[in-house]
Amino acid sequence: MPEFRTSPGMRDVLEPEASRWRHLIDTFAAVVARAGYGQIMLPVLEDLGVFTRIGDATDVVTKEMYDFTDKGGRHIALRPEFTAGVCRAYVQHRPTTPWKVWYAGPNFRYERPQRGRYRQFEQVGVEVLDVDDPMVDVEVIALGWEFFSRLGLRRVELHLNSLGEPADRLAYTEALRTHFESRLDQLSEAARETLARNPLRVLDSKRPDDAAAIASAPSITEFWSESAAEHYGAVRDGLRALEIPFIENTALVRGLDYYRRTTFEYVGGTLDSAQNALGGGGRYDGLVADLGGPQTSGIGFALGVERTLLACDDEGVFPAGDSAVEVYVVDTTGGAEASLVAARLRAAGFSCEQAFGQRSLKSQMKSADRSGAQVAVLIGPDEHQAGTLTVRSLRGQSGQTTIDAGDLVEHLRRVIAVTCE
RNA sequence: GUGGGCGUAGCUCAGCCAGGUUAGAGCGUCAGGUUGUGGCCCUGAAGGUCGGGGGUUCAAGUCCCCUCGCUCACCCCA
């Protein structure tokens, strides 16, 4: 083993996977840009306090933060998610509203890595600030749906719920606490610990031991105030109008404390593990105020890039693109002429690479073949002396012609156009 | 934080259960067969602290202990 490797939960993304990432983010950017969302690039580091607002009952904040004190004595953290940073930026810059932004980038959580879960993980997402209209909930949810469908995913489920207004949520939380505390004997050890911190999240338990207590628990639907029920109804109607199928899931409580009213999650239908949430989001109408800004409504979602790619693998869609160059230059006269030819071809718009290391013709031709290039341009002593180049086809039958060096670009324009068809 | 599985060549792995001469294979790399021409085939070469440390033994890749790493699951969440 080498002396140094990636730190646990961190990975290098090499080709062809890297191209896939780029295409995924390009696809996302295209979808949301068409809806008028602008990109926001946030620092990876924020003051710790920005993130502690997202929930002191969550592991994300209490146990999983990468935090440290910098040389100036500030208590800093690597971001575990984007939403809090977006709200901080909103308070700092006070942009005109509605403010609709999208982002892509890494987040950090100190967890035990496993399939679909890394300590550094990539998310793409959108946030809309200062619009209370349920139609914006519909738009946001629809954008995520559109993205998955554009990637070719067909087995994604949209789960939908409402946590009610803050007072509803609070009343429901207390009702759950009462319910579960009277049935401690029906709860697993782990669920009892969860209950002490956050009764809502007991609903999220997938342990069979807890199933009975969860099934008999009160439902959030009984606690919705009129305004919350109305908002939620409008969101459902809007999704139906767009023919976006959704599953109402009153146990969908989401991980972070700031959510209220609409919450939703995109679940990978083929991912069998507990890491099957491709992404999720909801309303966080109090978060901007918590960060010192005015009372401002907000809604958004974040999608996990690694998990989305896993889902693509499982469904056999969104393969890596072909990154092969068009032309490969082989030179047995030292390589200097190959450099000139390659530079000319690139300037003319061709993709092109050349062999290095003054290897034998046979060896260079092998590299040319493996590069996936359509044609090889050969420079040997004969061509060097005569001012010519030999152009050899690497696909199909192996014809070759020798041309004047000056005719190369024009010749390749014909040859490659034909081969590309 | 807890548990299972796995660490042998650049990659994928065999060898370990029943310890025993110079640790193997395929792929990849390089060279040659083809004195200028890739793909298929053939030949050869380079490449290994058997994750690390300790122990048992005449002898450890193989057995035991510890440790580090990877991985899957719990948990948590994207």
Side-chain angles (χ1 to χ4, degrees), chain A residues 1-11 14 54-55 57-64 79-83 104-125 144 188-191 193-194 197-198 201 204-207 209 253-256 265-268 271-281 301-311 328 330-333 355 357 359-385 390-400 402:
Chain A
M1 290 300 121
E3 184 180 1
F4 296 111
R5 306 173 46 87
T6 47
S7 192
M10 317 255 168
R11 359 179 258 157
L14 314 186
I54 69 185
T58 66
D59 285 4
V60 170
V61 169
T62 56
K63 300 197 295 206
E64 299 173 358
R79 65 172 176 235
E81 59 124 38
F82 273 95
T83 306
N107 295 303
F108 302 84
R109 293 181 194 173
Y110 192 89
E111 301 178 273
R112 196 71 174 262
Q114 68 184 75
R115 178 177 159 87
R117 189 176 78 184
Y118 303 96
R119 287 182 179 175
Q120 175 175 336
F121 62 101
E122 189 90 359
Q123 285 186 330
V124 296
S188 63
E189 176 71 34
E193 286 173 24
T194 306
R197 294 197 314 272
N198 188 344
R201 288 208 59 81
D204 223 15
S205 166
K206 295 171 178 91
R207 291 172 289 269
D209 297 358
V253 295
R254 308 285 308 135
L256 306 176
E265 203 164 273
Y266 304 97
V267 179
L271 298 177
D272 201 25
S273 71
Q275 265 64 35
N276 64 353
L278 301 182
F301 64 70
L303 314 177
V305 170
E306 291 88 347
R307 287 186 189 177
T308 300
L309 288 174
L310 277 178
Y328 198 98
V330 164
D331 181 356
T332 57
T333 67
R359 293 180 289 125
S360 69
L361 177 59
K362 171 174 176 158
S363 165
Q364 291 191 42
M365 283 301 293
K366 278 191 174 186
S367 298
D369 184 50
R370 282 170 201 155
S371 76
Q374 296 168 40
V375 298
V377 171
L378 287 77
I379 305 162
D382 295 350
E383 287 86 352
H384 188 66
Q385 189 149 27
T390 295
V391 178
R392 180 179 176 86
S393 168
L394 295 171
R395 300 275 179 87
Q397 66 265 51
S398 57
Q400 69 180 47
T402 297

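Letters A, B, ... are given to chains in the order of the sequence lines, protein chains preceding strands, and every chain is numbered from 1. Everything quoted here is computed from the prediction, not taken from an experiment.
Of all non-hydrogen atoms in A:Arg201 and A:Val253, the two that sit nearest each other are CA-CG2, 4.1 Å.
One P atom belongs to B:U37, the other to B:G44, and the distance between them is 23 Å to the nearest Å. The C1' atoms of B:G61 and B:G53 are separated by 16 Å, rounded to the nearest whole Å. Comparing the C1' positions of B:G20 and B:U62 gives an interatomic distance of 11 Å, to the nearest angstrom. Rounded to a whole angstrom, the distance from the P atom of B:A14 to that of B:G55 is 30 Å. The C1' atoms of B:A9 and B:G24 are separated by 10 Å, rounded to the nearest whole Å. Across B:C11 and B:G47, the matching C1' atoms stand 13 Å from one another, rounded to whole Å. The gap from the C1' atom of B:G15 to that of B:A23 amounts to 8 Å, rounded to the nearest Å. Using P as the reference atom, B:U49 and B:G3 are 33 Å apart when rounded to the nearest Å.
Using a 4.0 Å heavy-atom distance criterion, A:Gly125 is classed as making no nucleic acid contact. Counting any heavy atom pair closer than 4.0 Å across all strands shown, A:Tyr118 reaches a base atom. At a threshold of 4.0 angstrom between heavy atoms, the contacts of A:Pro381 with the nucleic acid are absent. A:Glu383 comes within contact range of at least one nucleobase, with a heavy-atom separation under 4.0 Å. Here A:Gly380 lies in heavy-atom contact (under 4.0 Å) with a base. Contact annotation for A:Glu265: no contact, since no heavy-atom pair falls under 4.0 Å across all strands. Heavy atoms of A:Asp382 sit under 4.0 angstrom from at least one base atom.
Residue A:Thr194 places at least one side-chain N or O under 4.0 Å from the OP1 or OP2 atom of B:C76. Between B:U37 and A:Gln364, no contact under 4.0 Å exists linking OP1 or OP2 to a side-chain N or O. For B:U71, neither phosphate oxygen OP1 nor OP2 lies less than 4.0 angstrom from any side-chain nitrogen or oxygen of A:Gln114.
Minimum atom distance to the side chain of A:Glu306 is reached by B:A78, of the listed B:C70, B:A78, B:C76. Nearest to the side chain of A:Glu111, among B:U37, B:C77, B:C76, sits B:C76. Of all nucleotides listed (B:A78, B:C72, B:U37), B:C72 comes nearest to the side chain of A:Arg115.
Rounded to the nearest 0.5 Å, atoms CD (A:Gln123) and CG (A:Leu303) are 8.0 Å apart. The CE atom of A:Met365 lies 11.5 Å from the OG1 atom of A:Thr332; values are rounded to the nearest 0.5 Å. In this structure, the separation between CZ on A:Phe121 and CE on A:Met10 is 10.5 Å, given to the nearest 0.5 Å.
With a 3.5 Å ceiling on both atom-pair distances, B:A23 lacks any Watson-Crick or G-U wobble partner. With a 3.5 Å ceiling on both atom-pair distances, B:A78 lacks any Watson-Crick or G-U wobble partner. Nucleotide B:G44 is matched to B:C30 when pairs are restricted to Watson-Crick or G-U wobble geometry with both distances under 3.5 angstrom. Using the Watson-Crick or G-U wobble rule with both distances under 3.5 Å, B:C70 pairs with B:G5. With a cut-off of 3.5 Å on both Watson-Crick or G-U wobble distances, the partner of B:A18 is given as none.
In terms of the side-chain hydrogen bond (donor to acceptor under 3.5 Å, both in side chains) criterion, A:Arg119 has no residue partners (sequence neighbours excluded). In this structure, the ring pair (Phe, Tyr, Trp, His ring centres under 6.0 Å) partners of A:Phe82, at least two apart in sequence or on a different chain, are A:Tyr103. Residues passing the side-chain contact (heavy atoms from CB on, under 4.5 Å) test with A:Thr333 are A:Asp331, A:Ile379, A:Pro381, A:His384, sequence neighbours excluded. With sequence neighbours left out, A:Glu64 forms a side-chain contact (heavy atoms from CB on, under 4.5 Å) with A:Asp59, A:Val60, A:Arg109, A:Glu111.
A donor-acceptor pair is defined here as one N or O able to donate and one able to accept, closer than 3.5 Å; such a pair exists between the side chain of A:Gln364 and the backbone of A:Arg359. The main-chain N or O of A:Gly372 is found under 3.5 Å from a side-chain atom of A:Arg395 such that the two form a donor-acceptor pair.
Taking atom CZ of A:Phe4 as the reference point, atom P of B:C70 lies 15 Å away to the nearest angstrom. One atom, CZ of A:Arg109, and another, P of B:C75, lie 17 Å apart when rounded to the nearest Å. Atom CZ of A:Arg117 and atom P of B:C74 are 9 Å apart (whole Å). If you measure from atom CE of A:Met10 to atom P of B:A78, you get 18 Å, rounded to the nearest angstrom. With rounding to whole Å, A:Asn276 atom CG is found 15 Å from B:C75 atom C1'. Between A:Glu81 atom CD and B:C76 atom P the separation is 18 Å, expressed in whole Å.
Between the side chains of A:Thr402 and A:Glu383, no donor-acceptor pair of N or O atoms lies under 3.5 Å.
Under the 4.5 Å side-chain criterion, counting only non-hydrogen atoms from C-beta, A:Arg307 is in contact with A:Arg117. Looking at A:Pro106 and A:Arg79, their side chains come closer than 4.5 Å, going by heavy atoms from C-beta outward.
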Could you go over nucleotides 30-32 of chain B and give all protein N or O partners under 3.5 Å, atom names and distances?
| unit_1 | atom_1 | unit_2 | atom_2 | d |
| --- | --- | --- | --- | --- |
| B:C30 | OP1 | A:Arg359 | NH1 | 3.0 |
| B:A31 | OP2 | A:Ser363 | OG | 3.1 |

Nucleotide N/O of nucleotides 44-47 of chain B paired with protein N/O under 3.5 Å:
none

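For B:G38, the base has a donor-acceptor partner in the side chain of A:Asp369 [N/O atoms by modelled type, under 3.5 angstrom]. Under 3.5 Å, the side chain of A:Arg11 and the base of B:C70 form no donor-acceptor pair of N or O atoms. Between the side chain of A:Arg112 and the base of B:C77, no donor-acceptor pair under 3.5 Å is found.
For the pair A:Tyr110 and A:Tyr266, both in contact range of RNA chain B, the more 5′-proximal nearest nucleotide belongs to A:Tyr110. Take the nearest nucleotide of RNA chain B for A:Gly9 and for A:Gln123: the residue whose nucleotide is more 5' is A:Gly9.
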